[in-house]
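Here is the structure we will look at, set down as structure tokens.
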There are 2 protein chains.
Amino acid sequence: MQNPKNLSSYHHGNLKAALVDAYLELLSQSPAEKLSLRKLASHVGVAPTAVYNHFADKDALTTAVKARLLHHFADYLDSHCDPDESPETNLSRLSKAYFRYSIEHQQFFQIIFQQPKVIENVTDELIAAGMRAEEQLRKTVVALLEHHGIPISQYNEGLGAFACWSLAHGVTTLATIHVNRAACGFNRWPPQFMLDSEAAVNQAFDDLTRVLVAGVLAAARSEIAN
Amino acid sequence: MQNPKNLSSYHHGNLKAALVDAYLELLSQSPAEKLSLRKLASHVGVAPTAVYNHFADKDALTTAVKARLLHHFADYLDSHCDPDESPETNLSRLSKAYFRYSIEHQQFFQIIFQQPKVIENVTDELIAAGMRAEEQLRKTVVALLEHHGIPISQYNEGLGAFACWSLAHGVTTLATIHVNRAACGFNRWPPQFMLDSEAAVNQAFDDLTRVLVAGVLAAARSEIAN
DNA sequence: CGCCGTTTATTTACAGCGTAAACTTACAAC
DNA sequence: GTTGTAAGTTTACGCTGTAAATAAACGGCG
């Protein structure tokens, strides 16, 4: 059980982790919706139903993968922050990174944020991983408030982090279903919101970050006044 | 072809529309991921493969359903606006309605905003329906800008609509994957962002709308200054 | 060491899925 | 009426997730 590898050919030794590994490996070859338990099992060299010794169902396996990917995502966000930069800049960088992750690691992003089939599969492990991803966002919001001399409260901090995450997530998920292309194609929105070039992405997220920063600061200040 | 109903038992007469109807009907009985072409076809009284005379594949059928649902969604949003109210109030109402729709019509919401399997299935009909849903959002943003004496530009209008839609969409989709419950459970965010009661929803969206309004106005004003 | 319960694998099997192919029926136009 | 086309049918294929019964190896105890 503790051994990473088992020499006998019958018992795999660490099938649970191996399945998650295999999932990620095969993901680079074919999209998530074509990944079957059978392919996974055969890639690991095990019978299809062996999976059920470690996961209640396919969705439970996916949850384990999600948790792993959320750490990958959190690392990605972290690596795009620079403590020497201003909070505004970092907020902008974070939201751009959020979006770019959904492009560079499209498969990963989709899996991370797809709905769990049943709520029982929302494990503590998954939640903890999710909170790790949120941390950099919230920290940056705190830095922003401090930078503007606004006293930190759970409300200010939470509202900022919530708004920031939601905006980045909303932009990104709308973009993946081609809403931006449609709205810009119909001249509803200015062309940079098409998000179809490096420059457009940068400009759009700078604009959105300005909106967010101004909004969060204004809300925080008015909360103090009360 | 033009006839809504055909008396012969062989040719259905209007199978295309009937399939979409059946999809919506069956949706109230079982969730979308359990809806098979076979069930749909048998509910309409037709062989499973008859579907392929009208839709390229299952995803194409789903696209037609999406378009119908988007109009339903747009109606819902429209009905929660009141031209006699202030733009701020309407913006708040719109985002609450956005969220509530995802609760009251969970199945519908999921279908509307799920990713199309192939881009060919993003029909003009679907895009047009999407733009209809965006209209009320953008109109309200325009009213907001006018109300504050800010000259309308495609940029102001588009940025506001984009930010507004993204924020509402982000909040809603994050909530459906239980992010709010997690963040509030871990005391990361204040409890009203759990969004688990009427009062919490109202307060949270009022707060978020304040952020958004302040941000959009500030961004629009600074754009004028340049 | 030998026994034995538990864990982890295997084989087999089932019901269901999306959809391709070949065939049939009905309608519409000449 | 004949004929081409649109819209149905039947049959079949390969695939899916997963339940059930079975077999193998591990871990601990006498």
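- Side-chain contact, A/Tyr155 with B/Gln192: no donor N or O sits under 3.5 Å from an acceptor N or O.
- Using modelled atom types and a 3.5 Å distance limit, the side chains of B/Asp206 and B/Ser92 yield a donor-acceptor pair.
- Interface remark: the A/Arg38 side chain does form a donor-acceptor pair with the D/dG17 base, using a distance-only criterion of under 3.5 Å.
- Spacing between atom CG of A/Asp57 and atom C1' of D/dT16 amounts to 14 Å, rounded to whole angstrom units.
- Between A/Lys16 atom NZ and C/dA9 atom C1' the separation is 16 Å, expressed in whole Å.
- Counting to the nearest Å, the C1' atom of D/dG17 and the NZ atom of A/Lys34 are 16 Å from each other.
- Below 30°, between 30° and 60°, or above 60°: for B/Tyr98 and B/Phe109 the angle between ring planes is above 60°, a perpendicular geometry.
- Residue-to-nucleotide proximity on DNA chain D shows that, of A/Tyr52 and B/Leu15, the 5′-proximal contact is made by B/Leu15.
- Atom pair B/Leu37:CG and C/dG16:P shows a separation of 15 Å (rounding to whole Å applied).
- Side-chain nitrogen and oxygen atoms of B/His54 include at least one within less than 4.0 Å of the OP1 or OP2 phosphate oxygen of D/dG8.
- Residue A/Gln136 comes nearest to A/Cys81 through the heavy atom pair CG-SG, 3.8 Å, listed as atom of the first residue, atom of the second, then distance.
- Scanning atom types as modelled, no donor and acceptor separated by under 3.5 angstrom connect the side chain of B/Asn53 and the base of D/dA6.
- Rounded to an integer number of Å, the gap from B/Lys39 NZ to C/dG18 C1' is 14 Å.
- Phosphate proximity of C/dC17 to B/Ser36: present, with a side-chain N or O under 4.0 Å from OP1 or OP2.
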Show the numbers, then the answer: is there a salt bridge (Lys or Arg N to Asp or Glu O under 4.0 Å) between B/Asp78 and B/Lys139?
CA-CA 11 Å; B/Asp78 290 355; B/Lys139 274 186 184 169; over 6 Å; no
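- Rounded to whole angstrom, the span from the CZ atom of B/Phe55 across to the C1' atom of C/dG18 amounts to 16 Å.
- What separates NZ of A/Lys58 from C1' of D/dA19 is a distance of 17 Å, to the nearest Å.
- Across the protein-nucleic acid pair, B/Glu33 atom CD and C/dG18 atom C1' stand 16 Å apart, rounded to whole Å.
- Where B/Leu35 and A/Val51 each meet DNA chain C at their nearest nucleotide, the meeting point lying more 5' is that of A/Val51.
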